[in-house]
Amino acid sequence: MSLKLKCLFLVFFALNFSFSQDKDAVLLKVDGQPIMASEFLRVYNKNLDLVKDESQKDIDGYLKLFTEYQLKLKEAKRLKLNEDKNYQREFARYKKQLINNYISENKVTDALVREAYDRSNLDINAAHILVRLDATATDTISAYNEVLALRNRVLKEGFDEVKAEMHNGNTIFLEDLGYFSAFKMVYDFESAAYNTPVGEISMPFRTQFGYHVVKVNDKRASRGTITAAHIMVNLSSKDSLRDPEQRINEIYKKLNQGEKFESLAKQFSEDKSSASKGGEIIPFKSGQLSSIEFENQAFDLKNDGDVSKPFKTAYGWHIVKRIHLKPIESFEDLKASFETKVKRDSRSKLINEAMVAKLKKKYKIDYNAKAKSYFTSILTKEFYNRTWELPDNFNKKETLFSINNKIFTYEDFGNHLKTAQRIYTGKNTPFTSIIDEEFKSFFEKSIFQFREDNLEVENEEFANILKEYRDGLLLFDLMEKEVWNKASKDSVGLETYYNKNKSKYQWSDRVDVVMASSAEKSNMKKILKLMKKGKSEEAINKALNTSDKQNVIFTKGTYKIDDSILPEGFKVKKGVSDIYTHHDAFHVIDVKAVMPAGQKTLEEAKGNVINDYQTEIETNWINDLYNRFKIEVNEDVLKTIKTKIGH
């Protein structure tokens with residue numbers, strides 16, 4: 001297992017350990033720390049389907065895994081890895097992300113999810129006009145009037161004409177946006193686009209970027225999800241015999257000659273992730289790939305089985321085949337993923353506002369009725385140039401408001417106002433408006449923070465998930481320190497391990513070949529004769545291929561003898577082979593060199609050696625942990641668990 005995969009496995013494994021504080025029987029103690037039976041049972045049942053090793057499904061086998069997990073956590077805390085600043089920062093970042101999934105307002109969320117799903121059934125082609133406006137700007141009327149004037153000009157003169165004159169890419173933008181769907185734009189812009197009929201231009205509306213109008217050119221049904229296959233030739237092909245464009249055109253000729261797409265993909269596609277599957281790639285929707293050209297070529301195919309002409313992207317030359325087109329999925333199937341998107345989208349502001357209202361009902365809140373008027377009275381004109389300070393006689397301990405038993409003071413709000421000065425620099429916003437706006441902002445921030453601080457107490461599921469990640473992250477840092485880094489950086493130990501285990505690291509038999517491929521056996525016979533006469537690939541191509549027909553393609557490289565590109569039953573022998581049938585085509589192989597199995601050097605085997613050395617280090621380290629910490633198992637409780645589970 002590679003280091004990266006092992007890291008991912010460890011975190012995944014750690015995340016599946018959940019904990020409980022149920023008052024039940026103690027199953028084991030790790031250095032005196034009790035672990036409850038219910039905790040072990042939850043872990044066992046949660047991971048049962050993920051465990052492939054039957055021995056680990058056995059209670060005793062799984063208890064060993066569980067115990068070693070607890071030993072590692074104990075060691076991590078002994079080393080005080082939980083006090084590391086990087087660890088604490090990473091955990092705090094995750095906690096913040098997780099909290100967002102629990103602080104929500106379901107009714108508003110559900111409505112936004114349904115709206116987003118309905119919109120995702122339509123793709124909109126639009127253009128827009130934007131007059132940039134700073135988020136804190138006070139002179140918004142002139143920007144509004146400017147975008148309105150541009151709208152009127154577009155209605156009379158046309159979008160392209162006004163764009164050519166007015167677009168400056170700085171303060172004024174007139175842009176074609178192409179097709180987009182839900183979640184591709186900020187929510188206010190998306191709503192304006194979906195609410196504007198085709199052929200019309202919306203009235204001005206505001207986003208954080210400024211004032212816009214949107215011109216809707218077209219609305220079409222979503223293109224759905226397409227399953228496709230492709231044959232790809234890299235722009236810098238490993239095969240030195242052909243340039244990429246020539247190679248793809250040769251393959252396209254063979255397609256037109258009636259050869260199977262799947263067989264040609266297996267033979268010649270340089271996208272190794274899909275070649276063995278006949279070129280088939282993971283299904284995708286419009287906007288999901290990093291290549292618009294590839295998407296358009298695929299979606300433009302009208303029927304299942306249709307094949308494109310060769311085309312070029314940033315990744316190479318392609319021929320794409322449509323296998324199946326699936327309309328957009330049902331709301332029920334997409335609801336969960338759409339809910340996640342909604343919570344991350346700019347529309348989440350609506351959810352937050354609804355959540356504040358809900359929390360106001362949940363908690364006991366007391367306000368100081370005199371607070372707003374007091375703070376209005378102490379603001380001065382210095383507030384507008386960021387030099388305002390709290391007065392000397394400021395009563396910082398006075399209560400501003402309380403949420404349950406937590407008191408928020410004048411000092412808390414005063415510090416908030418000092419920070420907020422930057423928003424109002426150079427403006428003349430009335431003091432009463434400033435206090436109203438900033439009190440609302442401070443209260444919302446405070447009530448959310450109170451909810452966050454108490455979420456572990458209020459929500460058991462959140463508490464469990466948070467603890468799982470806390471321990472999993474800690475275990476990751478421990479393994480990196482004690483196992484992975486030691487194995488990769490200990491050059492002396494690595495060389496010693498390699499020398500003791502050389503027999504494990506061997507090359508398999510390989511061949512250096514030039515392979516000729518043709519769909520017709522009669523052509524292959526001609527090719528065989530020419531190859532046996534020592535004719536070059538260039539000469540054979542010239543003799544067999546024409547401008548209209550591709551009768552032979554050559555492939556050159558070094559392969560293991562069991563590589564799928566080579567025919568089954570291939571006889572390893574230097575020189576020109578007989579004719580083989582493979583992937584619905586005929587092949588002759590000129591073996592230039594045979595490289596028999598042999599010893600790999602340390603450098604050649606380094607990745608595998610590091611992985612194996614890690615395993616040895618970890619085994620010895622765990623044995624040391626067993627010696628360092630005392631393990632006590634309550635055999636009576638273990639027997640009860642076995643009886644309950646049926647082992």
Side-chain angles (χ1 to χ4, degrees), residues 229-233 237-242 246-280 305 307 310 319 321 323 508-546 548-596:
H230 78 138
I231 298 169
M232 184 182 83
V233 176
S237 177
K238 292 181 180 178
D239 190 333
S240 60
L241 300 177
R242 292 286 180 269
Q246 181 180 353
R247 180 75 158 184
I248 201 73
N249 284 320
E250 290 172 348
I251 296 169
Y252 187 64
K253 280 186 186 179
K254 293 176 79 66
L255 271 173
N256 289 333
Q257 291 163 199
E259 296 186 41
K260 291 183 179 179
F261 186 98
E262 293 75 13
S263 301
L264 292 172
K266 290 176 182 177
Q267 293 175 65
F268 303 115
S269 180
E270 293 177 350
D271 176 9
K272 296 304 180 185
S273 64
S274 67
S276 62
K277 296 176 285 189
E280 184 171 337
V307 174
I319 304 168
K321 176 183 178 180
I323 297 174
S508 58
D509 293 334
R510 293 167 295 153
V511 286
D512 182 16
V513 303
V514 172
M515 181 167 66
S517 304
S518 181
E520 297 179 15
K521 192 169 186 178
S522 59
N523 286 326
M524 204 73 255
K525 289 179 179 179
K526 297 175 186 176
I527 296 163
L528 176 59
K529 289 179 181 179
L530 293 170
M531 290 178 73
K532 285 187 173 180
K533 289 179 180 180
K535 297 295 183 180
S536 67
E537 289 82 20
E538 183 181 1
I540 296 172
N541 274 322
K542 188 174 181 180
L544 269 292
N545 294 327
T546 68
D548 298 323
K549 195 164 185 181
Q550 188 77 33
N551 289 315
V552 61
I553 287 183
F554 284 94
T555 300
K556 183 177 182 179
T558 301
Y559 305 97
K560 294 180 182 179
I561 60 172
D562 60 352
D563 193 294
S564 62
I565 199 171
L566 299 174
E568 291 184 15
F570 170 59
K571 295 178 182 178
V572 181
K573 183 180 178 182
K574 192 173 180 180
V576 179
S577 74
D578 293 330
I579 297 173
Y580 287 94
T581 303
H582 187 52
H583 291 323
D584 300 317
F586 299 96
H587 311 270
V588 169
I589 302 164
D590 185 1
V591 179
K592 300 296 185 182
V594 178
M595 290 161 278

Judged by atom type as modelled, is there a donor-acceptor pair below 3.5 Å linking the side chain of [X] to the main-chain atoms of [Y]?
| X | Y | answer |
| --- | --- | --- |
| Ser577 | Val588 | no |
| Asn545 | Asn551 | yes |
| Lys521 | Ile579 | no |

Kindly give the heavy-atom pair with the smallest separation between [X] and [Y], and that separation in Å.
| X | Y | answer |
| --- | --- | --- |
| Ala229 | Gly278 | CB-O, 3.9 Å |
| Pro567 | Tyr580 | CG-CB, 3.6 Å |
| Lys535 | Ile540 | O-CD1, 3.8 Å |
| Arg247 | Thr555 | NH2-OG1, 3.3 Å |
| Arg510 | Lys560 | CG-CA, 4.0 Å |
| Gly279 | Ala265 | N-CB, 3.7 Å |

Check each of Val591, Asp563, Asp562 against Phe570 using the side-chain contact (heavy atoms from CB on, under 4.5 Å) test, and report the only one that passes.
->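 For Phe570, the side-chain contact (heavy atoms from CB on, under 4.5 Å) check succeeds only for Val591.
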Say you draw a straight line from [atom1] of [X] to [atom2] of [Y]; how long is it, rounded to the nearest 0.5 Å?
| X | Y | atom1 | atom2 | result |
| --- | --- | --- | --- | --- |
| Ser564 | His582 | OG | NE2 | 6.5 Å |
| His583 | Glu259 | NE2 | CD | 13.0 Å |
| Leu255 | Gln550 | CG | CD | 11.5 Å |
| Ile527 | Glu537 | CD1 | CD | 11.5 Å |

Just grab all the salt bridge (Lys or Arg N to Asp or Glu O under 4.0 Å) pairs involving residues 567-595, residues at least two apart or on different chains.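 Pairs touching residues 567-595 that pass the test: Lys260-Asp584, Asp590-Lys592.
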- With side chains defined as the heavy atoms from C-beta onward, is the minimum distance between Val594 and Asp509 less than 4.5 Å?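 Val594 does not reach Asp509 side chain to side chain.
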Side-chain heavy atoms of Phe268 within contact of Glu250, under 4.5 Å =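 No, too far: nothing below the 4.5 Å cut-off.
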### Salt-bridge criterion met for Lys549 and Glu520 (N-O under 4.0 Å)
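Between Glu520 and Lys549 there is a salt bridge, with a charged N closer than 4.0 Å to a carboxylate O.
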Exercise. With sequence neighbours left out, what residues match Glu280 under salt bridge (Lys or Arg N to Asp or Glu O under 4.0 Å)?
Worked result: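 Result, salt bridge (Lys or Arg N to Asp or Glu O under 4.0 Å) vs Glu280: none returned.
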